[in-house]
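Just so it is clear, the values below take in all heavy atoms, side chains as well, and ignore hydrogens, waters and symmetry mates.
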Amino acid sequence: MVPALRYLVGACGRARGGFAGDFPGASGLASGRPRPLCGGSRSASTSSFDIVIVGGGIVGLASARALILRHPSLSIGVLEKEKDLAVHQTGHNSGVIHSGIYYKPESLKAKLCVQGAALLYEYCQQKGISYKQCGKLIVAVEQEEIPRLQALYERGLQNGVQGLRLIQQDDIKKKEPYCRGLMAIDCPHTGIVDYRQVALSFAQDFQDAGGSVLTNFEVKDIEMAKESLSRSIDAE
């Protein structure tokens, strides 16, 4: 059973609520009257959601998108304290699409990074989001670094990173004339993208599927509910 979260919005913008069933409840305080972003299926006066996600960065929006696509019968809301989405770490990073070469083979990080990179390129192509699959060189500049470089290359192969190859000095200069090295791993599947654009596209997908995004809605406090709501929804 999925707990239902209710929030009651008063004139001062305060929100209180609790989870149904045996789950702990939560209540929040809004810094201002919440407003839906780009429409959404529910208005700011909605009294309840089955699931609420606090935080409108790329992790929160990706989670909301995945939930509503898997469980379209649930009512799901995203609460964001800022006036816009994805304005913090999501939009302030190097924007690298990592290939998955560094992680321990057979680890969850390795599997998810390799799969995630492929899915992200596919998603960007489908949505028309600009990206650059520029690749990268991992370079050994000293002789003693070559064994470690070769070990990293083998790790990348074990992780399923596509297109890896070891190149020598001449090929390094051809790919990057200002790079000095004895040997390098050519990793063509590394790229860069504006992750804020990806996050905003996730938000649009979420709302198109019936989800609600409320900005200017800051959760300042969470407390246990002493009572249960009578309504709950089976996620299955």
*Mind running side-chain contact (heavy atoms from CB on, under 4.5 Å) on L74 and L67 for me, showing each step along the way?*
CA-CA 9 Å; L74 296 179; L67 280 169; over 6 Å; no

*Got a second to check how far N216's CG is from L79's CG, nearest 0.5 Å?*
12.0 Å

*May I ask you to check whether over 12 heavy atoms, not counting those of E144, lie within 6.0 Å of atom CD?*
yes

*Please report the shortest heavy-atom distance between A64 and F206, naming the atom on each side.*
O-CD1, 3.5 Å

*asked:* Checking one residue: L137. Which other hydrophobic residues are in its cluster under the side-chain 4.5 Å linking rule?
replied: V139, V141, I167, I172

*Kindly state each residue pair satisfying side chain to side chain donor-acceptor pair (under 3.5 Å) with at least one member in residues 161-175, sequence neighbours excluded.*
R165-D186

*Approximate separation, where rounding is to 0.5 Å, of F202 CZ and L85 CG*: 13.0 Å

*NZ of K136 to NE2 of H98: how many Å apart, nearest 0.5 Å?*
7.0 Å

*Going from OH on Y123 to CZ on R65, what distance comes out if it is rounded to the nearest 0.5 angstrom?*
5.0 Å

*For the student: nearest non-hydrogen atoms of I68 and G210, plus distance*: CD1-C, 3.6 Å

Less than 3.5 Å apart, which donor and acceptor atoms pair up between the side chains of residues 126-134 and the rest of the protein, not counting sequence neighbours?
{"from": "Q126", "atom 1": "NE2", "to": "E122", "atom 2": "OE2", "distance (Å)": "3.4"}
{"from": "K127", "atom 1": "NZ", "to": "D205", "atom 2": "OD1", "distance (Å)": "3.0"}
{"from": "Y131", "atom 1": "OH", "to": "Q125", "atom 2": "NE2", "distance (Å)": "2.8"}
{"from": "Q133", "atom 1": "NE2", "to": "P188", "atom 2": "O", "distance (Å)": "3.4"}

*Considering only Ile, Leu, Val, Met, Phe, Trp and Tyr, and joining two whenever side-chain heavy atoms are under 4.5 Å apart, list the other residues clustered with L164.*
I101, Y102, V114, I138, I146, L149, L152, Y153, L157, V161, L166, L182, M183, I185

Show me the side-chain donor-acceptor pairs of residues 89-97 shorter than 3.5 Å, one per line, residues at least two apart or across chains.
{"from": "T90", "atom 1": "OG1", "to": "I58", "atom 2": "N", "distance (Å)": "3.0"}
{"from": "H92", "atom 1": "ND1", "to": "V87", "atom 2": "O", "distance (Å)": "3.4"}
{"from": "H92", "atom 1": "ND1", "to": "H88", "atom 2": "O", "distance (Å)": "2.7"}
{"from": "N93", "atom 1": "OD1", "to": "G95", "atom 2": "N", "distance (Å)": "2.8"}
{"from": "N93", "atom 1": "ND2", "to": "Q89", "atom 2": "O", "distance (Å)": "2.8"}
{"from": "N93", "atom 1": "ND2", "to": "T90", "atom 2": "O", "distance (Å)": "2.8"}

*Cluster link I192 to Y121, ILVMFWY, side chain under 4.5 Å*: no

*Under the 3.5 angstrom rule, does the side chain of S201 hit a backbone N or O of Q197 as a donor-acceptor pair?*
no

_Fellow cluster residues of L119, listed by chain then number, with links counted only when side-chain atoms sit under 4.5 Å apart_ = none

*asked:* If I compare all heavy atoms of A203 with all of L61, which pair ends up nearest, and what's the gap?
replied: CB-CD2, 3.9 Å

*asked:* Tell me the closest heavy-atom pair linking E80 and G56, and the distance in Å.
replied: OE1-N, 2.7 Å

_Flag, side chain of D50 to backbone of S75, donor-acceptor distance under 3.5 Å_ = yes

_Flag, side chain of N159 to backbone of G100, donor-acceptor distance under 3.5 Å_ = yes

